[in-house]
Peer 1: 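Take a look at this one; I'll ask things after.
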Amino acid sequence: LLRQMITESVLLAALGCLAGIVVGQVATAAMRAVPMQTEEAFNLDFHFDWRVLGYLCAVSLVTGLAVGITPALRAVRGSLSQVLHSSERGSSSSRQRFRNALVVLQVGGALALIVAAGLFLRSLRGAERADLGFDPVHVLNLSFDPHEIGYTRERAEEFYRAVQQRVSSLPGVRSASLAAAVPLGETPFGTQVLLPGQSPGGNHQALNAVFNEISPEYFNTMGMKLLQGRNFNAADRAGSPDVALVTPALAQRLWPNQDPIGRTFFSGEEPKRPLLVVGMVNNSRYTQVYDPWDALYFVPLAQHFMMTQTLQVRTAGKPEDAAAAILGAVAAVDSTMPIYGVRNMSDALHGFNGLLMFEFAAGLAAILGGMGLLLAMVGVYGVLSYGVSQRTRELGIRMALGAPRPAVIRMVVRQGLKTVATGLVLGMLLALVVGRLLADFLVGVSPADPLTYITVTLLLASVAVPAALLPARRATRIDPVVALRAE
């Protein structure tokens with residue numbers, strides 16, 4: 001008898017392990033298929049690993065043995081006379097309480113998982129609606145590297161000038177500009193910012209800032225606003241005084257509560273080359289969508305030339321519709337020029353520095369939360385169903401004495417909902433702890449977001465009620481005479 005019960009539990013564990021392997025392979029294939037929206041070739045390697053498989057199979061085997069041996073030993077060591085004469089077929093109240101406690105933990109864990117999934121989903125929505133400081137809609141990015149085909153700086157400058165002019169004159173193009181880096185891209189430029197009199201590595205507090213080299217049309221293309229001073233112009237070229245535009249986030253840190261126009265600062269990379277502030281534009285996010293505003297400044301490409309540049313084009317309609325004409329204009333200037341990173345700015349925001357990690361977190365948490373919800377429903381149903389089978393004689397006597405079926409249903413459902421309610425309270429407390437741990441990864445949503453907690457609680461309760469109702473309805477179908485004879 002002992003071997004038979006252990007074999008059954010181990011077999012169930014083995015089948016669960018096989019099902020888990022299949023689900024795992026499907027999940028990893030789906031994760032590999034997620035578009036990374038990166039300019040560099042990138043692939044998530046989820047290859048099959050025998051060590052991981054062996055570990056998980058061992059866990060499944062130990063679990064099967066653990067859950068099989070305990071009840072098996074209890075069954076074979078029990079008093080045969082007590083079992084035969086017990087009104088509940090040997091089920092003690094302590095064992096029932098233990099089973100209920102397991103269901104409470106299951107419901108509580110499921111609620112905490114689903115709350116985490118809800119917080120991540122709402123955080124993803126918050127990140128998607130976050131103020132970026134620029135408008136990514138209807139913007140197409142195209143990146144070039146003339147150095148790959150042997151261009152000199154002079155020839156590259158002429159190429160970029162001709163491409164920008166041709167693309168700007170296309171029908172449906174509102175603005176075209178050049179930039180060395182793309183907001184929330186893979187390669188933001190950062191440096192230490194110094195005030196006059198400071199030197200790299202000095203005894204002052206280092207201030208790191210993000211910067212970008214741009215053409216004067218950049219702010220029109222990206223939908224940014226000039227708050228003060230002037231934009232770059234044709235006079236800001238090589239040989240003229242170096243100029244820069246700053247954002248309020250950088251200006252406030254360099255010159256608190258002062259007018260930044262006309263002041264100078266230095267880049268840590270070029271500490272002897274002063275940058276004169278001629279204007280200030282609105283704050284913008286360049287590194288992360290959930291960070292505070294970046295300390296950011298801009299310099300003209302004409303004074304700080306970069307061989308690799310990105311052409312950004314704002315179109316009146318969908319950027320994809322204008323892509324062929326834009327590529328044709330580039331080919332008319334030089335058909336041999338290699339082009340990469342052709343994608344609209346909205347898609348580019350789903351990269352690593354953008355929304356990709358939020359989407360991964362929300363998807364993974366949703367999967368785990370769904371599994372927890374399923375397990376909670378199975379646990380509630382299993383315990384109540386087993387409890388009904390153990391109370392066959394009691395329920396038969398109740399109905400034989402005239403207990404109406406609705407009253408029997410309410411009694412059984414009430415027992416299940418008490419267990420579920422206790423699990424929900426425990427899950428709420430656990431979810432608050434988990435929410436605080438996740439606080440640094442949430443955007444636009446509180447770790448104790450009431451809407452998430454109320455919605456998840458109602459969802460779990462609405463799933464638990466049918467799980468409790470099915471055994472209750474089955475209990476009312478018991479024929480009292482058959483139940484009493486079976487005992």
Side-chain angles (χ1 to χ4, degrees), residues 39 133-134 141-148 151-165 175-196 198-200 206-222 224 226 229-247 249-251 254 260-284 286-287 294-312 341:
E39 296 177 0
F134 60 88
N141 297 337
L142 303 90
S143 298
F144 312 94
D145 187 0
H147 187 266
E148 291 186 1
Y151 268 45
T152 62
R153 171 172 175 168
E154 292 73 19
R155 190 178 176 189
E157 288 178 335
E158 180 59 33
F159 166 79
Y160 284 125
R161 188 161 40 248
V163 166
Q164 186 178 2
Q165 290 175 353
S175 177
S177 58
L178 294 162
V182 176
L184 301 176
E186 292 80 51
T187 55
F189 300 128
T191 186
Q192 187 178 1
V193 174
L194 307 169
L195 291 174
Q198 296 178 343
S199 60
L207 172 59
N208 294 317
V210 182
F211 68 94
N212 197 3
E213 294 100 343
I214 61 171
S215 66
E217 301 80 10
Y218 178 82
F219 301 115
N220 288 333
T221 303
M222 299 305 297
M224 298 178 66
L226 183 67
R230 67 171 178 86
N231 192 3
F232 300 137
N233 54 43
D236 300 319
R237 57 184 182 272
S240 62
D242 293 331
V243 295
L245 276 80
V246 299
T247 60
L250 178 61
L254 288 178
I261 306 301
R263 298 183 180 273
T264 60
F265 66 96
F266 298 84
S267 164
E269 298 178 351
E270 299 176 301
K272 295 183 179 181
R273 191 175 178 179
L275 297 172
L276 175 65
V277 178
V278 296
M280 184 165 62
V281 295
N282 63 277
N283 285 318
S284 179
Y286 256 60
T287 56
D294 289 300
L296 173 66
Y297 70 91
F298 300 91
V299 293
L301 273 167
Q303 294 180 339
H304 303 265
F305 180 78
M306 292 284 291
M307 187 66 78
T308 301
Q309 297 182 25
T310 297
L311 176 68
Q312 296 183 284

Peer 1: Please work out whether the ring planes of F219 and F232 are parallel, tilted or perpendicular, with thresholds of 30° and 60°.
Peer 2: tilted

Peer 1: Could you tell me if the side chain of P260 sits less than 4.5 Å from the side chain of L254, heavy atoms only?
Peer 2: no

Peer 1: Report the distance from atom CG of L275 to atom CZ of R263, rounding to the nearest 0.5 Å.
Peer 2: 15.5 Å

Peer 1: Grab the two heavy atoms, one from A179 and one from N212, that are nearest each other, plus how far apart they are.
Peer 2: CB-ND2, 3.9 Å

Peer 1: So, for A249 and N283, which heavy atoms are closest and what is the spacing to 0.1 Å?
Peer 2: N-OD1, 2.9 Å

Peer 1: For F134 and M224, work out which heavy atoms get closest and say how close.
Peer 2: CB-CG, 4.0 Å

Peer 1: Determine, for E158 against R155, whether the closest basic-nitrogen to carboxylate-oxygen distance falls under 4.0 angstrom.
Peer 2: no

Peer 1: Between T310 and N141, is there a side-chain donor-acceptor contact under 3.5 Å, judged purely by atom types and distance?
Peer 2: no

Peer 1: Quick one: list whatever passes side-chain hydrogen bond (donor to acceptor under 3.5 Å, both in side chains) with Q309, sequence neighbours left out.
Peer 2: none

Peer 1: Side chain to side chain contact (heavy atoms under 4.5 Å, CB included), that's the test. Do L296 and L250 meet it? Break it down for me.
Peer 2: CA-CA 6 Å; L296 173 66; L250 178 61; 5.9 Å; no

Peer 1: Indicate yes or no for a side-chain donor-acceptor contact from D294 to the backbone of Y286 under 3.5 Å, with no hydrogens or angles considered.
Peer 2: yes

Peer 1: Taking the six-membered ring for Trp, is the centroid-to-centroid distance between F265 and Y297 below 6.0 Å?
Peer 2: yes

Peer 1: N231 and side-chain contact (heavy atoms from CB on, under 4.5 Å): which partner among L245, D236, V281, V278?
Peer 2: L245

Peer 1: Is there a side-chain contact between H304 and D242 (heavy atoms, below 4.5 Å)?
Peer 2: yes

Peer 1: How long is the straight-line distance from OG of S177 back to CG of L311, given to the nearest 0.5 Å?
Peer 2: 7.0 Å

Peer 1: Regarding N208 and Q192, do their side chains bring together a donor and an acceptor under 3.5 Å, going by distance alone?
Peer 2: no

Peer 1: Is there a donor-acceptor pair closer than 3.5 Å between any side-chain N or O of Q312 and the backbone N or O of Y218?
Peer 2: no

Peer 1: Give me the one residue out of V163, T221, L301 that meets side-chain contact (heavy atoms from CB on, under 4.5 Å) with L178.
Peer 2: L301

Peer 1: Measuring from M306:CE to D145:CG, what's the distance to the nearest 0.5 Å?
Peer 2: 9.5 Å

Peer 1: Taking all atoms of both residues into account, what is the closest heavy-atom pair of R237 and A234, and its distance?
Peer 2: NH1-O, 3.6 Å

Peer 1: For a ring pair (Phe, Tyr, Trp, His ring centres under 6.0 Å) check, start with the C-alpha distance between F159 and F144, then their side-chain angles and the critical distance, and finish with the verdict.
Peer 2: CA-CA 10 Å; F159 166 79; F144 312 94; 5.6 Å; yes

Peer 1: Over all heavy atoms of both residues, which pair between V299 and A244 is shortest? Give the atoms and the distance, please.
Peer 2: CG1-CB, 4.1 Å

Peer 1: Could you tell me whether R161 and E157 have a side-chain N and a carboxylate O separated by less than 4.0 Å?
Peer 2: no

Peer 1: Check for a donor-acceptor pair, side chain of Q303 on one end and backbone N or O of P241 on the other, with a separation under 3.5 Å.
Peer 2: yes

Peer 1: Would you please name every residue forming a ring pair (Phe, Tyr, Trp, His ring centres under 6.0 Å) with F305, sequence neighbours left out?
Peer 2: none

Peer 1: Looking at every heavy atom in both N220 and S175, which two are closest together, and how far apart are they?
Peer 2: CB-OG, 3.9 Å

